[in-house]
Amino acid sequence: WAVLAAGALMGAGDVIAQQLVEQRGLHGHHCPRTLKMMAIGFCFVGPVVGSWYRILDWLIPGNTKVVAVKKVILDQGGFAPCFLGCFLAVTGAVNGLSVQDNWSKIQQDYVDALMTNYCIWPPVQIANFYFVPLQHRLAVVQCVAIVWNCYLSWKANQM
């Protein structure tokens, strides 16, 4: 379920990016790009993030305020920077960039994307880790992530 939701929401984020941010219109919509973003959601984002939440809950069990803060520190200090770099690399590879072009794109986009991440995710994750049971955390993240996925799709597909 989580993997399906991640793929669907990655696709929805791309549609929003193309239609509202880039204003491509229906005739200018690039369907292969949406399908690629969906595939990245199904094959990468869903499995990796879902596994991460299980690992994080195993490493730091509980849901007190202190536990939530510890989880956010580990999530945003360790996982988010690594995941974002991998996401940009996977997206570049799926888009057919050469290794050198992909590395240049990552260097161009990474810091800006990470700073944007830090504006959105810490407050979301504090609430998520404190109030939401483990089995529903990925769903909560994916609901917020529709905006984040829109941003990531726009950022990753700027050439």
Side-chain angles (χ1 to χ4, degrees), residues 1-59 71-126 128-129 137-159:
W1 163 251
V3 170
L4 293 175
L9 290 170
M10 287 295 296
D14 181 68
V15 169
I16 293 167
Q18 289 192 54
Q19 296 305 313
L20 296 180
V21 178
E22 299 166 29
Q23 298 182 350
R24 290 175 172 259
L26 294 178
H27 295 295
H29 190 87
H30 193 240
C31 289
R33 174 177 141 181
T34 300
L35 293 174
K36 287 177 188 178
M37 293 305 291
M38 288 177 73
I40 291 168
F42 289 135
C43 300
F44 178 69
V45 175
V48 171
V49 175
S51 297
W52 168 243
Y53 287 139
R54 286 188 296 279
I55 291 167
L56 191 57
D57 209 53
W58 176 76
L59 288 173
K71 286 180 179 179
V72 169
I73 289 169
L74 194 53
D75 181 60
Q76 293 299 303
F79 178 76
C82 296
F83 176 79
L84 187 55
C86 291
F87 174 84
L88 292 172
V90 166
T91 304
V94 167
N95 284 334
L97 296 180
S98 69
V99 172
Q100 185 175 2
D101 288 344
N102 202 0
W103 178 242
S104 295
K105 178 108 176 85
I106 291 166
Q107 289 177 311
Q108 171 189 319
D109 293 345
Y110 181 77
V111 172
D112 183 47
L114 187 62
M115 292 302 110
T116 303
N117 169 85
Y118 288 146
C119 292
I120 296 171
W121 287 110
V124 169
Q125 292 295 56
I126 284 281
N128 199 24
F129 293 136
R137 287 185 190 148
L138 183 58
V140 168
V141 164
Q142 288 301 326
C143 288
V144 175
I146 198 138
V147 173
W148 178 242
N149 293 341
C150 175
Y151 169 79
L152 282 181
S153 179
W154 169 76
K155 182 60 112 174
N157 287 287
Q158 281 185 317
M159 298 297 168

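Atom set for the values below is all heavy atoms of this structure, side chains included, hydrogens, waters and symmetry mates excluded. None of the values given here were measured: they were computed from a predicted structure.
Separating the NZ atom in K105 from the CG atom in L97 is a distance of 8.0 Å, to the nearest 0.5 Å. Separating the OG1 atom in T116 from the CH2 atom in W148 is a distance of 6.0 Å, to the nearest 0.5 Å. For the atom pair CH2 (W121) and CG (L114), the distance works out to 13.5 Å, reported to the nearest 0.5 Å. The structure places OH of Y53 at 10.5 Å from NZ of K71, a figure rounded to the nearest 0.5 Å. Atoms OH and CD, on Y118 and Q76 in that order, are 6.0 Å from each other to the nearest 0.5 Å. Between the CG atom of N149 and the CZ atom of F87 there is a distance of 7.0 Å, given to the nearest 0.5 Å.
A distance-only check finds a donor-acceptor pair linking the side chain of N102 to the backbone of A89 [under 3.5 Å].
Nearest approach of A80 to N117, heavy atoms of both residues: CB-ND2, 3.9 Å. The shortest non-hydrogen separation linking C43 to P47 is O-CG, 3.7 Å. Taking each heavy atom of G78 and P81 in turn, the nearest pair found is O-CD, 3.5 Å. Here the closest non-hydrogen pair linking Y110 and L88 is CA-CD1, 3.9 Å. Residues K36 and N95 approach most closely at CD-OD1, 3.6 Å, considering heavy atoms.
No more than 12 heavy atoms of other residues, nucleotides or ligands lie within 6.0 Å of CG in L26, so this atom counts as exposed by the packing criterion. The number of heavy-atom neighbours closer than 6.0 Å to CD of Q107, taken from other residues, nucleotides and ligands shown, is above 12.
Every ring-ring contact (aromatic ring centres under 6.0 Å, His included) that F44 has, sequence neighbours left out, goes to F83.
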Report all side-chain donor-acceptor pairs from residues 6-14 shorter than 3.5 Å, counting only partners two or more places apart or in another chain.
| residue | atom | partner | partner atom | Å |
| --- | --- | --- | --- | --- |
| D14 | OD1 | R33 | NE | 2.5 |
| D14 | OD1 | R33 | NH2 | 3.1 |
| D14 | OD1 | S153 | OG | 2.4 |
| D14 | OD2 | Q18 | NE2 | 2.6 |
| D14 | OD2 | T34 | N | 3.3 |
| D14 | OD2 | T34 | OG1 | 2.5 |

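Applying the ring-ring contact (aromatic ring centres under 6.0 Å, His included) definition to pairs two or more places apart or across chains, none involves residues 15-39.
You'll find the side chain of W52 reaches within 4.5 Å of the side chain of D75, heavy atoms only. Using a 4.5 Å heavy-atom cutoff, the side chains of V48 and F79 are in contact.
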Pair L152-L84, side chain to side chain contact (heavy atoms under 4.5 Å, CB included): steps then yes or no: CA-CA 9 Å; L152 282 181; L84 187 55; 3.7 Å; yes
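Partner of F129 under the side-chain contact (heavy atoms from CB on, under 4.5 Å) criterion, out of V124, D57, L56: L56 alone.
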